[in-house]
Amino acid sequence: MLIGELAERAGTSPRTLRYYEEHGLIHPSRDANGYRQYDDGELRVVHEIRTLLADGFGVDDIKPFVACLRAGNSAGHVCPDSAMVLRRRLAEVDGYLARLTEVQQRLRDQLKEIKCQMTP
DNA sequence: TTTCTTACA
DNA sequence: TGTAAGAA
């Protein structure tokens, strides 16, 4: 299929698909006219890329997932390389969450303090 | 009409 | 990532 069809089926834009290609995430073949040609399997790959991107993974972190999927696995996260990236990302998210919790507590304390002053 | 590349207020 | 321009 051509880039337009894949983009539509994957819920993205041709621009985004070309961006993934620039970063080595996908490598479509070319027709005689130079048009990119994608096989049906790329739809799953693109979906994998999109969800990973949405989860905050960087383009480089996504590569092992794509490779895992291309290797014939049912999911991109079942390979060792993917697991490694997964752990790192989880640690990152845990860190963000911890920091957010601190901010949340501080804001609550400050608000509580203000309310006390407003109610003599 | 669709895609391609390149470039950008 | 969007959008624009000029070519195929």
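Convention: sequence-line order gives letters A, B, ...; per-chain numbering from 1. Source: prediction; values computed, not measured.
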CZ of A:R30 versus P of C:dA8: gap in Å, rounded? 16 Å

From the set C:dT1, C:dG2, B:dT5, return the single nucleotide nearest to any side-chain atom of A:S13. C:dG2

Using whole Å, report how far CZ of A:R18 lies from P of B:dT2. 13 Å

Whole-Å distance separating the CD1 atom of A:I3 from the P atom of C:dG2: 12 Å

Nucleotide opposite B:dC4 in a Watson-Crick or G-U pair, distances under 3.5 Å: C:dG6

So that I can tick it off, tell me whether A:E5 and A:R9 are bridged by a salt bridge, with the cut-off set at under 4.0 angstrom between side-chain N and carboxylate O. yes

Distance check needed: B:dC4 C1' versus A:E21 CD, whole Å only. 11 Å

Heavy atoms from other residues, nucleotides or ligands near CD of A:Q37 exceed 12 (cutoff 6.0 Å): yes

Whole Å only: how far is the CG atom of A:L6 from the P atom of B:dT3? 11 Å

On the side chain of A:R36, is there an atom forming a donor-acceptor pair with the base of B:dT3 - under 3.5 Å, no angle test? no

Whole Å only: how far is the CD atom of A:E22 from the P atom of B:dC4? 12 Å

Whether A:E92 and A:R89 form a salt bridge (side-chain N of Lys/Arg under 4.0 Å from carboxylate O of Asp/Glu) is what I want to check. yes

Does a nitrogen or oxygen in the side chain of A:T16 sit under 4.0 Å from OP1 or OP2 of C:dG2? yes

Can you tell me the distance, in whole Å, between the CG atom of A:D31 and the P atom of B:dC4? 9 Å

Is the shortest side-chain N to carboxylate O distance from A:K63 to A:D81 below 4.0 Å? no

Scanning all shown strands, the Watson-Crick or wobble mate of C:dT1 with both distances under 3.5 Å is none

To the nearest angstrom, the OH-C1' distance between A:Y19 and B:dT3 comes to 21 Å

Pairing of A:E42 and A:R36 as salt bridge, 4.0 angstrom limit: no

Which comes earlier along DNA chain C counting from the 5' end, the contact point of A:Y35 or that of A:L53, where each point is its nearest nucleotide? A:L53

A:R15 vs A:E5, nearer the 5' end of DNA chain B by closest nucleotide: A:E5

